[in-house]
J.: 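Take this structure, written in structure tokens, and hold onto it; I'll ask about it next.
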There are 2 protein chains.
Amino acid sequence: MKIGEMASATATNIETVRYYEKIGLLPPPARDAANYRSFGNDHLARLSFIRRARDLGFTLDQVRELLDLADDRARSCAAVDAIASAHLAEIDRKLADLQALRGELSRLIGDCRQGTVADCLIIETLAPAGMGQ
Amino acid sequence: MKIGEMASATATNIETVRYYEKIGLLPPPARDAANYRSFGNDHLARLSFIRRARDLGFTLDQVRELLDLADDRARSCAAVDAIASAHLAEIDRKLADLQALRGELSRLIGDCRQGTVADCLIIETLAPAGMGQ
DNA sequence: TATGCACCCTGTAGCAACTACAGGGTCAAG
DNA sequence: CTTGACCCTGTAGTTGCTACAGGGTGCATA
């Protein structure tokens with residue numbers, strides 16, 4: 001199939017497919033007479049894998065590792081589990097950060113009295129004492 | 001004060017200070033005889049403002065808007081509130097995404113039987129039916 | 001006096017993971 | 001024969017920095 005077909009089959013941008021090829025995540029496909037890329041089902045499967053892993057928030061480097069591991073069917077699954085667990089820990093860290101942020105920000109907004117900037121508590125919180133007058 | 005002093009006073013990288021100047025977030029300071037930047041308290045206050053806003057997750061464009069608003073002390077605080085509220089909504093969106101992701105990923109990891117890759121459920125979930133054998 | 005060290009300067013390239021052109025070729029339909 | 005939908009390569013832009021390379025300044029010490 002041509003690049004447009006494979007891209008839309010995986011809800012991927014055409015440029016992104018070419019980008020994955022360029023960075024070695026997708027092997028270079030055969031070319032037809034017009035020099036158009038000609039992908040097979042193996043490419044489609046690999047691209048689907050990449051997309052799913054990306055949707056789960058894995059980095060491209062992690063995807064690369066997962067793809068390598070997936071190719072070695074006899075190997076222990078432990079390495080796969082390690083990558084996924086590391087990723088989960090990272091997500092938990094981000095969640096905690098974001099939740100703390102949300103708390104601070106919503107407290108700030110809740111305090112807003114809708115007056116002028118001069119006594120805006122949001123600005124006041126951001127500005128160090130004495131700034132701007 | 002020189003750049004190093006201001007940077008350490010605000011827990012900012014020296015390069016970041018120069019970067020903020022370059023993109024117009026900090027006004028260019030005076031220079032001394034050796035062409036070193038010479039910052040005043042107004043610069044320090046402005047940089048503190050920027051850092052606090054960044055710590056709250058505002059983008060540099062939002063910080064720029066907030067700084068503009070903060071300078072206009074008579075203006076209504078509503079515009080400030082709008083920026084902060086938009087940011088809060090964005091954080092909530094990210095939180096929801098991340099929580100959904102976390103759920104999927106932890107379910108995946110919980111299912112792992114620690115066998116070989118051939119019957120690894122993580123790989124199986126990522127790979128489309130029939131890939132890799 | 002030399003020299004070592006901490007500090008400063010400019011300018012450019014790199015990171016992640018794409019996205020968006022510019023400038024061109026190919027192919028089938030009307 | 002031209003219009004439109006595709007495809008190609010290659011480069012530059014995005015966000016918010018960070019990391020050099022290659023140089024200058026200023027003070028203390030041997």
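In what follows, chains carry the letters A, B, and so on, assigned in the order in which the sequence lines appear, proteins first and then strands, with residues in each chain numbered from 1.
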J.: Over all heavy atoms of both residues, which pair between B:L126 and A:R52 is shortest? Give the atoms and the distance, please.
T.: O-CD, 3.1 Å
J.: Sequence neighbours excluded and cut-off under 3.5 Å, please list the side-chain donor-acceptor pairs for residues 95-103 of chain A, or say none.
T.:
residue, atom, partner, partner atom, Å
A:D97, OD2, A:R93, NH1, 3.4
A:R102, NE, B:D92, OD1, 2.5
A:R102, NH2, B:D92, OD2, 3.1

J.: To the nearest angstrom, how far is B:R51 atom CZ from D:dG16 atom P?
T.: 12 Å
J.: For C:dT19, take OP1 and OP2 only and decide whether either is under 4.0 Å from a side-chain N or O of A:T16.
T.: yes
J.: Under 4.0 angstrom, heavy atoms only, what part of the nucleic acid is A:Y20 near: base, sugar-phosphate, or nothing?
T.: sugar-phosphate
J.: In terms of side-chain heavy atoms of A:E15, which of C:dT19, D:dG16, D:dT9 is nearest?
T.: C:dT19
J.: Between C:dC8, C:dT19, D:dG16, spot the one nearest the side chain of B:I14, thanks.
T.: C:dC8
J.: Using a 6.0 Å cut-off, check whether atom CG of A:D68 has over 12 heavy atoms from anything other than its own residue.
T.: yes
J.: Would you give the length of the straight line joining atom CD of B:E104 to atom CD1 of B:I109, rounded to the nearest 0.5 angstrom?
T.: 12.0 Å
J.: When you measure from the side chain of A:R31, which nucleotide among D:dT9, D:dC17, C:dT19 comes out closest?
T.: D:dT9
J.: Which nucleotide, D:dC8, C:dT10, C:dA17, lies nearest any side-chain atom of B:R18?
T.: C:dT10
J.: Are any protein N/O atoms closer than 3.5 Å to N/O atoms in nucleotides 22-26 of chain D? If there are, list each pair with its distance.
T.:
residue, atom, partner, partner atom, Å
D:dG24, N2, B:Y36, OH, 2.7
D:dT25, O4', B:Y36, OH, 3.1

J.: Out of C:dC9, C:dA17, C:dT19, which has the shortest distance to the side chain of B:I3?
T.: C:dC9
J.: Within the structure provided, determine whether A:R64 and A:I23 are in side-chain contact (heavy-atom separation under 4.5 Å).
T.: yes
J.: For A:M1 and D:dC7, what is the distance between atoms CE and C1' respectively, to the nearest whole Å?
T.: 16 Å
J.: Which heavy atom of B:P29 sits nearest a heavy atom of B:E21, and at what distance?
T.: CD-OE1, 3.5 Å
J.: Please tabulate, for side-chain N and O atoms in residues 12-19 of chain B, each donor-acceptor pair with protein atoms closer than 3.5 Å (sequence neighbours left out).
T.:
residue, atom, partner, partner atom, Å
B:T12, OG1, B:T10, O, 3.1
B:T12, OG1, B:T10, OG1, 2.8
B:T12, OG1, B:R51, NE, 3.3

J.: Can you tell me how far P of D:dC7 sits from CZ of A:F39, to the nearest Å?
T.: 10 Å
J.: Closest approach to the side chain of B:N13, judged atom by atom: which nucleotide of D:dC8, C:dT19, D:dT18 is it?
T.: D:dT18
J.: With a cut-off of less than 4.0 Å, is there a side-chain N or O of A:R37 near OP1 or OP2 of D:dC7?
T.: no
